[in-house]
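One structure is given below, encoded as structure tokens.
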Amino acid sequence: MPELPEVEVSRQGIAPYLENAQITKIVVRNAQLRWPVPMTLQDAVGCIVTSVRRRAKYLLLETEKGTIIIHLGMSGSLRVLDSTVAVEKHDHVDIVLNSGKCLRLNDPRRFGSVLWQVGDVLEHKLLASLGPEPLTDEFTAQRLFERSRTRKVPVKSFLMDNHIVVGVGNIYANEALFSAGISPKRAAGQVSLQRYKVLVEEVKQVLAKAIEQGGTTLKDFTQTDGKPGYFVQELQVYGKAGKPCPKCGEVLQAMKIGQRNTIYCNQCQR
DNA sequence: AAAGACACCTGTCCGC
DNA sequence: TGCGGACAGGTGTCTT
């Protein structure tokens, strides 16, 4: 489900309830997520959440003792509820707060994770070698250009590589490449600096706009208040294979790149 | 080192 | 209606 905008929307939704609240209990109903939920997660009980940050698609609930790392995988979602609200199917983890509220993770496919890290959270194995955040000045065309010179992978796969830049998943990779007029099939090393400049701007724009709109709801993503994300209305190509290109009217094509569905206009994207 | 396949798991949708 | 198969927003790991 969630790409960076959906994770950021989740962060913004939960932060006001979590920051400065004390964790009074953690209930793990199913520890078998992408990685087993560690027993040490219970060390967070009694701690006060000092901040709720995001790195890539990881949510970081920081306390004075350590950090709870949450990833939503493909199908995870977070709600803030009164802790008395009845549990539903796939509600795997509750982080109960002294306010009577509770942060509840629901994840049907269980590709998500909940981990506990003591010390500098950015040194966690999963976070240590990530590329720059796309919405910062560290994400530049120059960087893409330099790191791509020897690369033969399709530029779409390159853009989705977390070592290059984080947070660009399948929906927004398709959208940004369409907006930039770059063929997703083109070898990353065959894209000019000038065109990477356009691509970087389009990535920033599509992600920023999606965050503003509350993310993209395809099936089941909801904001933490239960509302859908409205960016789905803005999608140009994702999920629109066979339909006319919004720019030129040609039929949009579909193919697999790196096992992922890829939609593009053969006319507008070169 | 780089590219591609595969794995994890459940729900949904489509064709027969 | 039921069943089999394909597919889905992610990403670490294994194989070439």
Side-chain angles (χ1 to χ4, degrees), chain A residues 1-10 29-37 54-59 69-78 88-93 105-115 124-131 134 146-176 184-190 203 206-207 210-211 213-223 228-242 254-263:
Chain A
M1 161 212 307
E3 295 194 30
L4 186 145
E6 293 73 45
V7 177
E8 178 60 22
V9 166
S10 296
R29 296 184 197 81
N30 188 345
Q32 301 310 304
L33 304 184
R34 172 96 197 253
W35 290 281
V37 179
R54 178 186 59 71
R55 172 72 175 111
K57 295 171 190 164
Y58 295 92
L59 286 169
I69 303 172
I70 299 176
H71 196 288
L72 299 175
M74 287 277 263
S75 59
S77 61
L78 292 168
E88 294 175 14
K89 197 172 186 185
H90 306 306
D91 282 341
H92 304 312
V93 178
L105 172 71
N106 183 283
D107 185 5
R109 292 176 73 181
R110 289 189 277 122
F111 289 169
S113 48
V114 180
L115 301 168
H124 190 281
K125 191 184 168 196
L126 295 173
L127 305 184
S129 61
L130 293 173
E146 284 167 9
R147 310 244 346 208
S148 64
R149 288 311 84 191
T150 60
R151 302 291 301 273
K152 292 178 176 155
V153 276
V155 62
K156 184 185 177 223
S157 303
F158 183 69
L159 188 59
M160 293 177 70
D161 180 344
N162 280 338
H163 301 287
I164 301 305
V165 58
V166 300
V168 185
N170 198 34
I171 297 178
Y172 301 109
N174 277 303
E175 293 295 314
K185 294 181 283 189
R186 176 174 286 273
Q190 297 299 116
V203 167
V206 71
L207 293 177
I211 291 169
Q213 309 255 327
T216 297
T217 294
L218 292 180
K219 290 183 175 173
D220 48 8
F221 173 76
T222 57
Q223 303 182 53
Y230 298 107
F231 192 74
V232 66
Q233 300 165 21
E234 310 285 332
L235 296 177
Q236 304 277 298
V237 293
Y238 185 85
K240 298 190 190 295
M255 70 177 296
K256 294 281 181 194
I257 292 179
Q259 341 269 84
R260 310 302 297 277
N261 203 15
T262 303
I263 297 87

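The figures here come from the full heavy-atom set of this structure, side chains too, leaving out hydrogens, waters and symmetry mates. Values in this document were obtained by computation on a predicted structure and should not be read as measured data.
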State whether Asn170(A) places a side-chain N or O below 4.0 Å from either non-bridging phosphate oxygen (OP1 or OP2) of dG10(C).
-> no
Exam field: side chain Asn106(A) to backbone Lys89(A), donor-acceptor pair closer than 3.5 Å = yes
Collect all protein-nucleotide pairs involving nucleotides 12-16 of chain C in which both atoms are nitrogen or oxygen and the distance is under 3.5 Å.
{"residue": "dG12(C)", "atom": "OP1", "partner": "Tyr58(A)", "partner atom": "OH", "Å": "3.2"}
{"residue": "dG12(C)", "atom": "O4'", "partner": "Arg34(A)", "partner atom": "NH2", "Å": "2.9"}

When rounded to whole Å, the CG to C1' distance for the pair Leu72(A) and dC8(B) reads 16 Å
Under 4.0 angstrom between Lys57(A) side-chain N/O and dT11(C) OP1 or OP2 = yes
May I have the distance from Leu4(A) (atom CG) to dT11(C) (atom C1'), rounded to whole angstrom?
-> 15 Å
Using a 4.5 Å cut-off on heavy atoms from C-beta on, say whether the side chain of Pro5(A) contacts that of Tyr172(A).
-> yes
Residue pair Asn174(A) / Gln236(A), side-chain heavy-atom distance below 4.5 Å | no
Give Asn261(A) one of three labels, base, sugar-phosphate or nothing, depending on what nucleic acid heavy atoms sit under 4.0 Å from its own.
-> sugar-phosphate
Nearest-angstrom distance, P atom, dC3(C) to dC9(B) = 23 Å
State whether Tyr172(A) places a side-chain N or O below 4.0 Å from either non-bridging phosphate oxygen (OP1 or OP2) of dG9(C).
-> no
Just call it for Gln259(A): base, sugar-phosphate, or nothing, with non-hydrogen atoms closer than 4.0 Å on any strand.
-> base
Glu175(A) side chain to Val237(A) backbone, donor-acceptor under 3.5 Å | yes
Look at His90(A) and dT10(B) and indicate whether a side-chain polar atom (N or O) is within less than 4.0 Å of OP1 or OP2.
-> no
Is there a donor N/O on one and an acceptor N/O on the other, under 3.5 Å, for the side chain of Arg109(A) and the base of dC9(B)?
-> yes
